Amino acid sequence: MTEKSEAVEKSSNNTGMIEEWLRKHRLVYTGATRHPFILSVRDGSVDLSSFKRWLGQDYLFVKACVPFVASVLLKACKESDDSSDMEVILGGVASINDEIAWFMKEASKWGVPLTSIVPQKANLDYCRFLESLTRSDVEYTVAITAFWAIEAVYQESFAHCLEDGSKTPEELKETCQRWGNEGFSQYCHCLRNIANRCLQKATDDVLSKAEEVVLRVLEHEVGFWNMSRGES
Ligand SMILES: Cc1ncc(CNC=O)c(N)n1
């Protein structure tokens, strides 16, 4: 078995803390991954002005993710006992780098002027939350769990728009592919695997902080979709 398929394989056991939380908070999770914005992409009824608003705001969000992901990488260097975490997180850095370039290309395709976008409240709130997680007193376990949740919501949401029976408009399929593709799904599984391993060794105090952070991420994701629909 190759190293990569082994990492994917390891993550397929369904007994970790993350799976337990997903069961416990199923409705909240579904609220973030099956939001009306995503359902409207999936059934083709999405309002293009909403899509463009999402595109511009998400470009700003992804740029704000860079220091957060860098802080997760730094914590992994200092606190992780498994050197393969670094490879997975570096993969995340690479994917954010590609995303920023993709947003610029996509924005020009849709005529969205990226230089004049003003971040809206839900976006600012989410970015401020990310910034709070970069602090050095936030444990690696808490930060990597948040990172998993952030990536998993996009993966699950956009993959849903590509499933059989979806009526996603042709011109939006590339966007859905960006986060809905198999490689991104495997990367999210690797993040979940890392988070589960850390959570297994965590104290009750860190466990409750990590659970709280997952719920906050899900709330911010719902706020972000709402904002994209022009509802905030
Ligand atoms: C609001 C939001 N949440 C998660 C992601 C996916 N992670 C990085 O790209 C994203 N682009 N935007």
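Scope of the values below: all heavy atoms of this structure, side chains included, with no hydrogens, waters or symmetry mates. Predicted, not measured: the structure shown is a model, and the values here were computed from it. Whatever order the structure lists them in is the order used to number ligands and atoms, beginning at 1.
Atoms of ligand 1 lying under 4.0 Å from at least one heavy atom of W179, given by number and element, are 6 (C), 9 (O), 11 (N). Near I150, the atoms of ligand 1 lying under 4.0 angstrom from a non-hydrogen atom of the residue are 4 (C). Atom numbering of ligand 1 starts at 1 in the shown order; those under 4.0 Å from a heavy atom of V62 are 9 (O), 11 (N).
For E99, every heavy-atom contact with ligand 1 shorter than 4.0 Å involves the side chain, none the backbone.
Of the protein's non-hydrogen atoms, the one nearest atom 10 (C) of ligand 1 is Y154 CE2, 3.2 Å. The shortest contact between atom 3 (N) of ligand 1 and any protein heavy atom is with E221 OE2, 2.6 Å. Looking only at protein heavy atoms, the nearest one to atom 7 (N) of ligand 1 is E151 OE1, 2.5 Å. Of the protein's heavy atoms, D58 OD2, 2.9 Å lies nearest to atom 11 (N) of ligand 1.
Residue-environment remark: CD (E79) exceeds the threshold of 12 foreign heavy atoms within 6.0 Å. Environment of NZ in K78: sparse, with no more than 12 heavy atoms of neighbouring residues, nucleotides or ligands closer than 6.0 Å. At most 12 heavy atoms of other shown residues, nucleotides or ligands fall within 6.0 angstrom of atom CD in E131. At most 12 non-hydrogen atoms from other residues, nucleotides or ligands lie less than 6.0 angstrom from CG of D164.
Between L55 and L114, every side-chain heavy-atom pair lies at or beyond the 4.5 Å cut-off.
Aromatic ring centres of W225 and F51: separated by at least 6.0 Å.
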